*Asks:* 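The structure that follows is given in the form of structure tokens.
Just the heavy atoms: all of them, side chains too, but no hydrogens, waters or symmetry mates, feed the values below. Here is the naming used below: chain letters follow the sequence lines, and residue numbers restart at 1 for every chain. These numbers come from a predicted model, not from an experiment.
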Amino acid sequence: MKEKIKIFLDSDLLEKYLLGATNDMESMQVERYIAMYPEVKKTYDELQDNLENYAKLHAIKTPEGLKEKIHARIKSERSGRKQFFRYAIAASIVACMFASASYFFYNQNQSLQQENSIVTNKIKTLEADMKQQLEDVRNQFIVLNNPQTKKYNVRGNKMAKDLKAVAYINPVKKLSYINVSKLPKLPEDQCYQMWAEVNGEMLNLGIIQEAASKDKLTALPYSDNAVSYITIEPKGGNVSPTTNKIVANIAY
Amino acid sequence: MSALLEKHIVELLQERNEKAISLLYEHYGDTLYGVAYKVVRNSDLAQDVLQESFVKIWKKSDTYDASKAKLFTWLFRITRNTAIDKLRSVNTKTDKEIQIDVSDVYNLGVESIKPDLIDVRENLDKIEDKYQIVLEALFFQGMTQQEASEELDIPLGTIKSRLKIGLRELKKIYNPSILLALVLNIVL
């Protein structure tokens with residue numbers, strides 16, 4: 001250990017450190033030695049004293065006015081700092097404003113995006129609806145325009161004498177439509193409902209709204225030897241047809 | 001420098017009280033100016049160096065660590081390094097300007113010296129030149145022992161021993177002057 005200290009003291013690391021000429025690595029090494037070995041610490045303290053004494057021997061009276069210049073420099077340094085703080089405060093305010101503006105725009109953007117997706121969905125739904133309707137119209141056209149389409153005039157029985165409807169059946173394309181053009185008035189608590197018997201099963205085709213169905217072709221499920229019925233049912237429709245209230249039937 | 005005053009100055013520095021600069025200038029100004037002058041060998045440059053050093057001291061005051069160095073050591077390091085940097089920047093700017101006659105420099109130094117320091121300066125002359133040259137090279141010229149050995153054409157071992165002896169001699173001449181000051185204080 002003694003040998004290690006001697007080698008260290010013989011090197012000029014301690015002197016270099018004293019003068020502030022060591023690099024970071026060397027400084028750390030020297031500081032470690034000073035902390036660990038009292039002998040090194042003692043030498044370092046002596047060197048510090050000697051340096052101070054030696055430097056004092058070379059003291060030269062400072063020129064007049066130098067002190068004032070230094071004070072002026074320090075003052076400007078301070079005001080520079082103050083200015084810096086002023087800028088820092090201004091910058092913080094700007095940053096806060098920027099942050100709140102960002103937050104505002106972020107929110108706005110978020111709600112716009114939501115709106116946008118709603119609109120897009122609506123457009124998609126509309127598109128699908130339109131396609132569906134177009135498809136319906138196309139099918140209707142095909143049925144109506146096809147030479148093999150048969151047209152049946154449907155009339156009501158004695159319970160609804162004025163009922164007039166036209167059914168279009170195309171056995172080749174397996175499509176059938178009905179257009180109810182006239183329905184006799186019913187009491188407030190009753191309505192007309194349409195049914196179709198397909199392969200022995202009774203299907204509910206829904207309530208006929210007179211006004212809406214006047215110019216509308218309603219699709220009927222196609223099947224060979226199917227029968228469609230129109231019945232009078234309590235308002236709001238029924239789950240199965242009331243057989244004694246059949247006002248018209250269409251067999252195809 | 002009394003330890004108490006040193007502590008007071010350090011406290012003021014860490015409080016960022018400008019009074020610290022006044023006290024530092026009062027107590028160390030001449031010595032640090034001497035250090036700067038020794039390195040740059042020109043009074044205008046030395047004044048610049050001292051100004052810059054004080055600004056650095058002020059800016060770095062919170063980095064001073066009393067456990068690592070005495071206040072003067074810290075001040076000396078800043079001043080010496082500032083002076084060496086200054087000399088390098090001037091040297092690279094104008095190589096010619098730096099060729100100042102050495103005799104001028106020494107005259108200037110002697111003229112502006114504090115009267116109460118003349119005694120020690122005379123004492124300093126008592127240290128043999130061979131020690132002084134080594135001390136100057138190491139303390140003021142910014143040389144390492146290795147560089148001083150090459151520059152002065154003296155073996156490294158001799159540099160080391162001369163440094164140690166030179167410092168010992170220095171202690172001898174410096175201590176009596178303190179003693180003398182103390183005696184004078186008591187008598188007066």
Side-chain angles (χ1 to χ4, degrees), chain A residues 6-23 26-28 30-35 41 43-82 84-85, chain B residues 1 16 18 21-22 25-26 29-38 43 46-47 50-52 54-55 58-59 68-70 72-74 76-78 80-81 84 108-109 112-114 117 120-121 123-124 135-136 138-140 142 144-146 156 159-160 163 166-168 170-171 173-175:
Chain A
K6 193 180 175 303
I7 290 168
F8 176 78
L9 290 178
D10 280 347
S11 78
D12 60 353
L13 265 185
L14 193 59
E15 283 82 3
K16 266 170 81 180
Y17 177 74
L18 174 75
L19 301 176
T22 43
N23 60 36
E26 290 170 334
S27 297
M28 272 163 67
V30 173
E31 279 162 17
R32 208 172 56 239
Y33 267 89
I34 291 170
K41 165 87 176 134
T43 312
Y44 176 57
D45 286 344
E46 273 174 18
L47 277 174
Q48 288 197 78
D49 288 337
N50 289 336
L51 173 70
E52 186 167 351
N53 293 340
Y54 183 67
K56 272 181 183 160
L57 296 182
H58 296 85
I60 300 170
K61 177 115 188 68
T62 47
E64 289 285 320
L66 186 56
K67 188 178 180 181
E68 287 67 32
K69 274 188 205 165
I70 286 171
H71 271 289
R73 286 274 298 262
I74 302 278
K75 276 215 167 63
S76 77
E77 198 65 38
R78 284 204 119 173
S79 69
R81 242 165 210 260
K82 270 182 203 154
F84 170 77
F85 280 120
Chain B
M1 170 64 50
R16 305 205 65 74
E18 274 183 55
I21 295 296
S22 289
Y25 194 89
E26 252 170 64
D30 293 350
T31 309
L32 295 176
Y33 183 64
V35 170
Y37 188 87
K38 267 293 199 182
S43 61
Q47 287 186 47
L50 201 64
Q51 280 189 50
E52 284 166 26
F54 268 93
V55 171
W58 176 251
K59 277 189 186 168
K68 283 187 180 173
K70 292 186 176 175
F72 179 78
T73 310
W74 184 67
F76 175 86
R77 282 173 188 163
I78 291 174
R80 177 178 178 272
N81 286 336
I84 289 169
L108 225 156
S112 54
I113 202 156
K114 259 187 169 179
L117 282 175
V120 266
R121 182 154 279 271
N123 281 332
L124 185 62
L135 290 176
E136 287 220 0
L138 296 177
F139 285 169
F140 296 127
T144 63
Q145 293 190 16
Q146 187 63 50
L156 186 61
I159 292 278
K160 285 183 200 290
L163 172 67
L167 287 173
R168 208 184 303 142
L170 206 65
K171 221 191 280 180
I173 60 156
Y174 200 75
N175 284 346

*Asks:* At what distance, to the nearest 0.5 angstrom, does CD1 of B:Ile21 lie from CD1 of A:Ile70?
*Replies:*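 These two atoms lie 8.0 Å from each other.
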*Asks:* List the steps, then state whether side-chain contact (heavy atoms from CB on, under 4.5 Å) holds for A:Arg73 with B:Glu52.
*Replies:* CA-CA 9 Å; A:Arg73 286 274 298 262; B:Glu52 284 166 26; 3.9 Å; yes
*Asks:* Roughly how far, to the nearest 0.5 Å, is CG of B:Leu32 from NZ of A:Lys56?
*Replies:*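 The distance works out to 10.5 Å.
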*Asks:* Taking side chain as everything from C-beta outward and backbone as N, CA, C, O, which of these in B:Leu163 sits under 4.5 Å from a heavy atom of chain A? Side chain, backbone, both or neither.
*Replies:*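 For B:Leu163, side-chain heavy atoms alone lie under 4.5 Å from chain A.
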*Asks:* How far does CG of B:Leu138 sit from CG of A:Leu51, to the nearest 0.5 angstrom?
*Replies:*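 Here the interatomic distance stands at 11.5 Å.
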*Asks:* Between B:Gln146 and chain A, which part of the residue has a heavy atom less than 4.5 Å away: side chain, backbone, both or neither?
*Replies:* backbone
*Asks:* Would you please name every residue forming a side chain to side chain donor-acceptor pair (under 3.5 Å) with A:Thr43, sequence neighbours left out?
*Replies:* none
*Asks:* Output the distance between atom CZ (B:Phe54) and atom CD1 (A:Ile74), rounded to the nearest 0.5 Å.
*Replies:*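 So the gap between those two atoms works out to 8.0 Å.
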*Asks:* If I measure from the heavy atoms of chain B, does A:Ile34 come under 4.5 Å with its side chain, its backbone, both, or neither?
*Replies:* neither
*Asks:* Do A:Tyr17 and B:Arg77 come within less than 4.5 Å of each other through their side chains, counting heavy atoms only?
*Replies:*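 Yes, close enough: below the 4.5 Å cut-off.
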*Asks:* If I measure from the heavy atoms of chain B, does A:Leu13 come under 4.5 Å with its side chain, its backbone, both, or neither?
*Replies:* neither
*Asks:* Indicate the atoms forming the closest heavy-atom contact of A:Tyr54 with B:Leu135, along with that distance.
*Replies:* OH-CB, 3.3 Å
*Asks:* Select, from A:Lys67, A:Lys69, A:His71, A:Glu15, the one with the greatest count of heavy-atom pairs under 4.5 Å involving chain B.
*Replies:*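 So the answer, after comparing A:Lys67, A:Lys69, A:His71, A:Glu15, is A:Lys67.
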*Asks:* Do B:Gln51 and A:Leu66 have side chains that approach each other closer than 4.5 Å (heavy atoms only, starting at C-beta)?
*Replies:*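 Touching, per the 4.5 Å side-chain cut-off.
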*Asks:* Would you please name every residue forming a side chain to side chain donor-acceptor pair (under 3.5 Å) with A:Asp49, sequence neighbours left out?
*Replies:*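 With neighbours one apart ignored, the set is B:Lys70.
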*Asks:* Select, from B:Val35, B:Ile84, B:Asn81, B:Ile78, the one with the greatest count of heavy-atom pairs under 4.5 Å involving chain A.
*Replies:*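 Winner by heavy-atom pair count: B:Asn81.
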*Asks:* Would a distance-only check, ignoring hydrogens and angles, find a side-chain to backbone donor-acceptor pair under 3.5 Å from B:Tyr25 to A:Glu68?
*Replies:* no
*Asks:* Provide the closest heavy-atom pair for A:Leu19 versus B:Arg80 in the form atom of the first, atom of the second, distance.
*Replies:* O-NH1, 3.5 Å
*Asks:* What are the two closest heavy atoms between B:Leu50 and A:Thr62, and how far apart are they?
*Replies:* CD2-CG2, 3.9 Å
